[in-house]
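Worksheet: the structure to be examined is printed underneath.
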Number of protein chains: 2
Amino acid sequence: MTDTRWLDDTEMAAWRAFLSTSHLLERRIEEQLKAAAGLTHPQYEILVRLADAPDRQMRMTELARGVVVSKSALTYQITRLERAGLVERATCPSDDRGVLAVLTEAGLRCLERVAPGHLAVVRAYLVDRLTRDELEVMTTAMRRTERALRE
Amino acid sequence: MTDTRWLDDTEMAAWRAFLSTSHLLERRIEEQLKAAAGLTHPQYEILVRLADAPDRQMRMTELARGVVVSKSALTYQITRLERAGLVERATCPSDDRGVLAVLTEAGLRCLERVAPGHLAVVRAYLVDRLTRDELEVMTTAMRRTERALRE
DNA sequence: GTTGGTTCGTTCAGATTTGAACGAATATAC
DNA sequence: GTATATTCGTTCAAATCTGAACGAACCAAC
């Protein structure tokens, strides 16, 4: 690492803005979800992913990958959501090692009740402040990065 | 909240990509810093902010705002960095309540040693994958969002 | 079949985060 | 000046996150 490539002004500005904004937005979202439903952001994301999945169920590992948390964090949160009656665990028919996380009716209703307020925050601070062009540029740029990070 | 404004495809794609990418990148950065220097990302950010500050020192609250962590988290991390000899606490001359976090020489050297590897990750996954235009669009968009979030 | 390597989800210990509560110091209003 | 409200940083308890280690189940090769 003898020749360090520092970031020039444009690069540094972009990186700093991205970093601060993602953290600030995360905090704001966390605050809103906690106040409105006693949910954390990862918990909410779990519900969303399950609601979108076929039969409203997903394998633990796949779900962890989707939400971007460690497997142990997912185990913890699913147990928590199970206790709240929003998710159930089911045995996986095709793989005895596997566990299916299944969204319950109560879980779906919870999501439907919470989503509007959550989306309002995402809009108020991010989506509604970006032009159509900016949204599209961001999508392609983020997806390129995401693909690289997922190897 | 009777009329929910759902996200259309473009909006949802942008939001999802932003969310996943920021989490994935955060994990990757965390992993690199831990392996290279035993630092967490917040710890690294503290060192960076202090290095950029006049006299390499900052008030606790201001620093917490900059790094985007709670005051209690900053107290914890500064104590940790102090133990490692990278930061010191100093009394604030203008305000007896205040505490100044000061970057030590060792802290500066640590930062100089760690920065190249960290920046390489930021480049490899984000900066170098974006065009100049994309970087600029992202900066303006993120700054707009950031300003709103900081009220 | 059985052996060896991989994947699955959980458990565990340890580290970190947050918000609330607190005492101390400052600022504001009168 | 004094009373009130605000700000500062820390402490504390509780929640959450991660990686490592584990037993169980799968898979591939022979």
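Order of the sequence lines sets the chain letters (A, B, ...), proteins ahead of strands, with each chain counted from 1.
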Subject >> Rounded interatomic separation in angstrom, taking NE2 from His41(A) and P from dT18(C) >> reply: 15 Å
Original post:
Should the pair His118(B) and His41(B) be assigned to parallel (<30°), tilted (30 to 60°) or perpendicular (>60°) ring geometry?
Top reply: tilted
Subject >> Minimum-distance nucleotide (side-chain atoms of Thr61(A) versus dG9(D), dC8(C), dT11(C)) >> reply: dC8(C)
Original post:
Roughly how many Å is it from CD in Glu45(B) to P in dT17(C), rounded to a whole number?
Top reply: 13 Å
**OP:** Provide, to the nearest angstrom, the distance between the CG atom belonging to Asp96(A) and the P atom belonging to dT6(C).
**Re:** 22 Å
Subject >> Charged N-O contact under 4.0 Å between Arg129(B) and Glu146(A) >> reply: no
Original post:
From the list dC8(C), dT16(D), dG9(D), which nucleotide is the closest neighbour of the side chain of Gln77(A)?
Top reply: dT16(D)
Subject >> d(CE, Met58(B); P, dC8(D)) in whole Å >> reply: 15 Å
Subject >> Atom-pair distance (OH on Tyr76(A); P on dA20(D)), nearest Å >> reply: 21 Å
Original post:
Quick one: on DNA chain D, does Lys34(A) or Met60(B) contact a more 5' nucleotide (nearest heavy atom)?
Top reply: Met60(B)
**OP:** Provide, to the nearest angstrom, the distance between the CD1 atom belonging to Ile29(B) and the P atom belonging to dC17(D).
**Re:** 19 Å
**OP:** Could you pick out which residue, Glu31(A) or Asp95(A), lies toward the 5' side of DNA chain C when each is mapped onto its nearest nucleotide?
**Re:** Asp95(A)
**OP:** Send over the distance from Leu33(B) CG to dT18(D) P, rounded to a whole Å.
**Re:** 16 Å
**OP:** Examine dT17(C): is either OP1 or OP2 under 4.0 Å from a nitrogen or oxygen in the side chain of Arg27(A)? Give yes or no.
**Re:** no
**OP:** In plain terms, say whether Arg16(B) and Asp9(B) are close enough for a salt bridge, that is, a side-chain N and a carboxylate O under 4.0 Å apart.
**Re:** no
Subject >> Shortest side-chain distance from Ser70(B), nucleotide among dT16(C), dT10(D), dT18(C) >> reply: dT18(C)
Original post:
Closer to the 5' end of DNA chain D via nearest nucleotide, is it Arg59(B) or Ala73(A)?
Top reply: Arg59(B)
Original post:
Contact class for Glu30(B) vs. all strands (heavy atom < 4.0 Å): base, sugar-phosphate, or nothing?
Top reply: nothing
Original post:
Can Arg144(B) and Glu134(A) be counted as an ion pair, charged N to O under 4.0 angstrom?
Top reply: yes
Subject >> Distance in angstrom units between Arg80(B) CZ and dA15(C) P, rounded >> reply: 7 Å
**OP:** Look at the side chain of Ser72(A) and the base of dG19(D), then say whether one donor and one acceptor between them are separated by less than 3.5 Å.
**Re:** yes
Original post:
Given dT10(C), is OP1 or OP2 found less than 4.0 Å from the side-chain N or O atoms of Arg97(A)?
Top reply: no
Original post:
Cut-off 3.5 Å, side chains only: do Thr104(B) and Arg109(B) have a donor facing an acceptor?
Top reply: no
